[in-house]
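Below is one structure, written out as structure tokens; the observations come after it.
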Amino acid sequence: RESNLHVEEVTGKDKTIDVVVDIFNEVNSGGTKLSKGDLALAKICAESPNARDKMKQALAGWSKSNFHFDLDWLLRNINTVLTGEAKFKFLHDVTTPQFEDGLKRSISSIDQILNLISGRLGLDHDQVLFSRFAIPVMTHYLDRRKTQLDAVESDKLLFWFIQSAMWGRYSSTTEGTIDQDLAAIE
């Protein structure tokens, strides 16, 4: 308590999420790395304290069905629904009501996707679920459709899901690939 510690304030509009994460990780080099999703979620939870609880509730529901995801993954889905982008920096200007609406819409779309994948492909638990980063693109697609998919469109979506896994579509730069696929949807 009696030690003087140097405090360096790093502020300004030029401090993007990337810059803040880099600074934090440099200062905290011996500790746990901060992800861009962690920072985006911290900002959201500062404005909407119950957001994390609602997200954890959704994750727990999917976990009961043996689909185990993390907050980062769910946040990526919400981001694609709200902004049409993969990078978390696009969540910066999202308001609390927008985020809560995006969370609700994302959960609904993810439920529909998991039911489709489980029911039609028989991939009914996490250990056989491949290409989990295709799901944010599918979530975005379903959210934009605003209606139930017919059998033909469902089959096409599942075909795309299988193809993305077979070809390792999301095995490298996830954000860039998701952005390419989101742009193709638009």
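The structure displayed is predicted, hence computed values, not measured ones.
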CD/E186 to CZ/R144 distance, rounded to the nearest 0.5 angstrom?
-> 5.5 Å

Considering all heavy atoms, the nearest M55-L75 contact | CE-N, 4.0 Å

Is there side-chain contact between F67 and I117, with at least one heavy-atom pair below 4.5 Å?
-> no

Identify the residue among Y141, Y170, F130 that makes a ring-ring contact (aromatic ring centres under 6.0 Å, His included) with F161.
-> F130

For the residue pair L71 and L59, establish whether any side-chain heavy-atom pair is separated by less than 4.5 Å.
-> yes

Taking the side chain as every heavy atom from C-beta outward, state whether R132 and R76 have any pair of such atoms under 4.5 Å apart.
-> no

Does the side chain of L74 reach to within under 4.5 Å of the side chain of L103, using non-hydrogen atoms?
-> yes

CG-NZ distance between L158 and K156, expressed to the nearest 0.5 angstrom | 13.0 Å

Would you give the length of the straight line joining atom CD1 of I135 to atom CG of L129, rounded to the nearest 0.5 angstrom?
-> 4.5 Å

Between N50 and S48, a side-chain donor and acceptor under 3.5 Å = yes

T83 vs D93 side-chain heavy atoms within contact, under 4.5 Å | no

Student check: side-chain heavy atoms of D155 and R120 closer than 4.5 Å = yes

Distance col, row D143:CG vs I78:CD1, nearest 0.5 angstrom, shows 11.5 Å

Using the rule that two of Ile, Leu, Val, Met, Phe, Trp, Tyr join whenever any of their side-chain heavy atoms come within less than 4.5 Å, decide whether V81 and L114 are in one cluster.
-> no

Is it true that K104 and E100 have a side-chain N and a carboxylate O under 4.0 angstrom from each other?
-> no

Cluster check W167, F133: I/L/V/M/F/W/Y, side chain < 4.5 angstrom | yes

Measure the spacing between CG of L182 and CG of N79 and express it to the nearest 0.5 Å.
-> 9.0 Å

Q127 atom CD: more than 12 heavy-atom contacts under 6.0 Å = no

Of all the heavy-atom pairs spanning L82 and Q98, show the shortest one and how long it is.
-> CD2-O, 3.3 Å

Gap separating the CD1 atom of I110 from the CG atom of N115, nearest 0.5 angstrom | 12.0 Å

Report yes or no: do L123 and L116 belong to one cluster of Ile/Leu/Val/Met/Phe/Trp/Tyr joined by side chain heavy-atom distances under 4.5 Å?
-> yes

Same cluster (ILVMFWY, side-chain, under 4.5 Å), W160 and M166 | yes

Over all atoms of both residues, closest heavy-atom pair of P136 and N77 = CA-OD1, 3.1 Å

When you look at H140 and I178, which way does the side chain to side chain contact (heavy atoms under 4.5 Å, CB included) test go after all the steps?
-> CA-CA 10 Å; H140 173 83; I178 289 174; over 6 Å; no

Does one hydrophobic cluster hold both L121 and I113, with members joined at side-chain heavy-atom distances below 4.5 Å?
-> yes

Of all heavy-atom pairs linking S118 and D124, the shortest is OG-CB, 3.4 Å

Closest approach of L91 and A40, non-hydrogen atoms and distance?
-> CD1-CB, 4.4 Å

Does a sphere of radius 6.0 Å around NZ in K64 hold more than 12 heavy atoms from other residues, nucleotides or ligands, not counting ones at 6.0 Å or beyond?
-> no

For I107 against A58, the heavy-atom pair lying closest together | CD1-CB, 3.5 Å

